[in-house]
Amino acid sequence: MDMEQIYEYIGKENVTTYAVGAFMLLWALVWLYRDSLEINKINEKYVFVTGCDSGFGNLLCRRLDKHGFRVLAGCLTEKGADDLKRVTGPNLKTCILDVTSTASIQKAFEWTQKEVGDKGLWGIVNNAGRALPMGPSEWMRIEDFHSTLKVNMNGVIEMTMKFLPLIKKARGRIVNVASVLGRVAANGGGYCISKFAVESFSDCLRRDIHYFGIKVCIIEPGFFKTQVTSLEPIERELCRLWNQLTPEVKESYGDKYLDNYIKIQRLIMNAICDSDLSKVTNCMEHALIAAHPRTRYSAGWDAKLLWIPISYLPACVVDLALKLVLPRPAKSV
């Protein structure tokens with residue numbers, strides 16, 4: 001069958017459409033195949049994970065241990081470390097780590113350096129984080145911002161820069177946990193600020209060090225049921241913030257504002273929080289195991305269908321949407 005017969009069969013006006021369709025199908029198949037390729041010798045590779053007492057970090061350590069990685073878990077408390085060791089194998093080791101303390105980070109680095117030896121560190125997962133306090137920006141004091149930024153921003157940067165020589169030696173992976181709230185600033189306080197910073201730091205770092213075979217991946221979880229999204233501490237912190245306001249500021253918001261704000265928080269958290277933490281740890285595992293990891297991973301239905309699409313909308317549209325959702329202060333104009 002020559003080209004003239006092919007054109008006659010499919011119609012000359014449809015040739016471009018079919019060609020583009022065939023190219024896109026081929027591209028998708030190649031991408032899927034490339035995305036499925038995995039690294040070798042997992043049992044010889046070391047991965048350091050921060051924030052392993054509970055939540056994503058705890059589950060990730062258990063999953064990596066089952067995969068055969070040599071896991072180095074940084075826990076904030078002795079209890080968290082002991083609990084994790086009880087449910088994992090001998091290839092998982094723990095250390096006490098406070099990512100807000102330079103001395104603690106230095107101690108964890110020296111311990112890791114001895115553990116990995118000449119092999120270097122295949123991966124570091126900067127998972128440790130805190131969310132509170134969150135609420136209207138005007139309610140915050142400067143220390144409220146600092147308490148979150150010290151963990152989520154400074155901690156990520158200092159851990160990465162300290163451990164970078166070990167990762168460079170192994171030509172490994174840096175996996176930074178950001179958030180969908182690093183794409184859409186929906187709350188006041190330090191959390192959104194810190195997650196935007198993690199996104200920016202990771203992008204800069206990736207472009208700077210890819211020459212050395214190091215991959216930098218960003219995890220952007222949606223809302224999941226962890227200690228970060230637990231309603232009790234969120235509401236307790238909102239009450240604390242409200243109680244520290246001056247009478248003039250309280251009057252501008254009105255007596256019912258706090259109750260209405262808490263009701264909306266409950267509604268949102270109950271509606272979109274996902275209990276399946278494996279959706280996030282699957283992304284983290286892929287970033288460590290895949291031969292060709294992705295730059296960004298969006299975890300959760302709300303991340304894929306709500307927050308990420310919203311992040312591409314004009315600012316005025318996002319502003320209007322949040323204005324419709326959040327309560328209106330009593331003396332708004």
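Quick note: residue numbers are just sequence positions, from 1.
Between Leu59 and Ser278, the shortest heavy-atom contact is CD2-N, 3.8 Å. When every heavy atom of Pro327 is checked against every heavy atom of Ile264, the shortest pair comes out as CD-CD1, 3.2 Å. What you find for Cys283 and Ala299 is that their closest heavy atoms are SG-CB, 4.0 Å. Contact detail for Glu115 and Tyr46: the closest heavy-atom pair is O-OH, 3.3 Å. Between Lys45 and Lys41 the shortest heavy-atom distance is CG-O, 3.4 Å. In plain terms, the two heavy atoms of Ser147 and Val151 that are nearest each other are O-CG2, 3.8 Å.
Lys279 places no side-chain N or O within 3.5 Å of a backbone atom of Ser298 that could act as its donor or acceptor partner. At distances below 3.5 Å, at least one donor-acceptor pair connects side-chain atoms of Asn127 with backbone N or O atoms of Gly51. His286 places a side-chain N or O within 3.5 Å of a backbone atom of Asp35 that can act as its donor or acceptor partner. Asn260 places no side-chain N or O within donor-acceptor distance of the main-chain N or O of Tyr257, the cut-off being under 3.5 Å. Counting only distance, with no hydrogens or angles, the side chain of Thr229 and the backbone of Thr226 share a donor-acceptor pair below 3.5 Å. Of the possible donor and acceptor atoms, one in the side chain of Ser311 sits under 3.5 Å from a partner among the backbone N and O of Ile308. Judged by distance alone, with hydrogens and angles left aside, the side-chain atoms of Ser202 form a donor-acceptor pair with the main-chain N or O of Val198 at under 3.5 Å. Distance alone, capped at 3.5 Å, is enough to place a donor-acceptor pair between the Asn58 side chain and the Cys52 backbone. Side chain of Tyr191 to backbone of Met134: no donor-acceptor contact under 3.5 angstrom is found. No donor-acceptor distance shorter than 3.5 angstrom exists from the side chain of Arg173 to the backbone of Ile214, with no hydrogens or angles considered.
Heavy-atom neighbours of Gln106 CD from other residues, nucleotides or ligands within 6.0 Å: above the threshold of 12. Within a 6.0 Å radius of CG in Asp255, other residues, nucleotides and ligands contribute 12 heavy atoms or fewer. Counting heavy-atom neighbours within 6.0 Å of Lys250 NZ, excluding the residue itself, gives a total above 12. For Glu232, the CD atom counts as loosely surrounded, since its 6.0 Å shell holds 12 or fewer non-hydrogen atoms of other residues, nucleotides or ligands.
Side-chain contact between Leu132 and Ile234 is present, with heavy atoms from C-beta onward closer than 4.5 Å. In this structure, Thr160 and Ile167 have side chains that are not in contact, with every pair of non-hydrogen atoms separated by 4.5 Å or more. A 4.5 Å side-chain heavy-atom check between Asp53 and Gln227 finds every atom pair outside the cut-off. Inter-residue side-chain proximity for Trp139 and Tyr253 is flagged as met; some heavy-atom pair is nearer than 4.5 Å. With a 4.5 Å cut-off on side-chain heavy atoms, Thr148 and Pro133 count as touching. Looking only at side-chain heavy atoms (C-beta outward), Thr100 and Asn154 stay at 4.5 Å or farther from each other. Between Lys85 and Lys93, the closest side-chain pair of non-hydrogen atoms is not below 4.5 Å. Contact check for Leu64 versus Glu285: side-chain heavy atoms found under the 4.5 Å cut-off.
For the atom pair OG1 of Thr112 and CZ of Phe48, the computed distance is 4.5 Å after rounding to the nearest 0.5 Å. In this structure, CG in Asn91 is found 14.5 Å from NZ in Lys66, a value given to the nearest 0.5 Å. Atom SG of Cys61 and atom CZ of Phe56 lie 13.5 Å apart (nearest 0.5 Å). The structure places OG of Ser104 at 14.0 Å from CZ of Phe109, a figure rounded to the nearest 0.5 Å. Taken to the nearest 0.5 Å, the NZ atom of Lys168 stands 4.0 Å off from the CZ atom of Phe212. One finds the NZ atom of Lys256 at 16.0 Å from the CZ atom of Arg328 (value rounded to the nearest 0.5 Å).
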Original post:
Can Lys331 and Glu251 be said to form a salt bridge (charged side-chain N to carboxylate O under 4.0 Å, His left out), step by step?
Top reply: CA-CA 8 Å; Lys331 291 190 175 181; Glu251 185 182 354; 2.9 Å; yes
Subject >> Full working for side-chain contact (heavy atoms from CB on, under 4.5 Å) between Glu199 and Glu220 >> reply: CA-CA 9 Å; Glu199 295 269 356; Glu220 299 171 333; 2.5 Å; yes
**OP:** Apply the test ring-ring contact (aromatic ring centres under 6.0 Å, His included) to residues Phe223 and Trp307: give CA-CA distance (whole Å), side-chain angles for both, the deciding distance (0.1 Å), then the verdict.
**Re:** CA-CA 10 Å; Phe223 282 49; Trp307 299 107; 5.5 Å; yes
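Asn282 and Arg63 form a side-chain donor-acceptor contact under 3.5 Å, judged by distance and modelled atom types alone. Between the side chains of Thr88 and Asp65, no donor-acceptor pair is found at a separation under 3.5 Å.
Linking ILVMFWY side-chain heavy atoms closer than 4.5 Å, directly or via other members, places Leu97 and Leu166 in a single hydrophobic cluster. When hydrophobic clusters are built by joining Ile, Leu, Val, Met, Phe, Trp and Tyr residues whose side-chain heavy atoms come closer than 4.5 Å, directly or via intermediates, Leu60 is not grouped with Ile174. No chain of hydrophobic side-chain contacts below 4.5 Å, direct or via other Ile, Leu, Val, Met, Phe, Trp or Tyr residues, connects Ile289 to Ile124. There is a path of hydrophobic side-chain contacts, each under 4.5 Å, that joins Val180 to Ile268. Under a hydrophobic-cluster definition in which Ile, Leu, Val, Met, Phe, Trp and Tyr are linked whenever side-chain heavy atoms come within less than 4.5 Å, directly or via other members, Met153 and Val99 are assigned to the same cluster.
Among Thr50, Asn176, Asn152, the one residue that satisfies the side-chain hydrogen bond (donor to acceptor under 3.5 Å, both in side chains) test with Asn126 is Asn176.
Taking the six-membered ring where the residue is Trp, the centroids of Phe69 and Trp122 are separated by 6.0 Å or more.
By the 4.0 Å N-to-carboxylate-O rule, Lys79 lies too far from Asp82 to be salt-bridged with it. Contact check on Glu237 versus Arg240 returns a salt bridge, with a Lys/Arg side-chain nitrogen under 4.0 Å from an Asp/Glu carboxylate oxygen. The residues Arg296 and Asp203 are annotated as salt-bridged, a charged nitrogen and a carboxylate oxygen being separated by less than 4.0 angstrom.
Glu158 pairs by the side-chain hydrogen bond (donor to acceptor under 3.5 Å, both in side chains) definition with Thr102, not counting sequence neighbours. The side-chain hydrogen bond (donor to acceptor under 3.5 Å, both in side chains) search around Thr94 returns none, not counting sequence neighbours.
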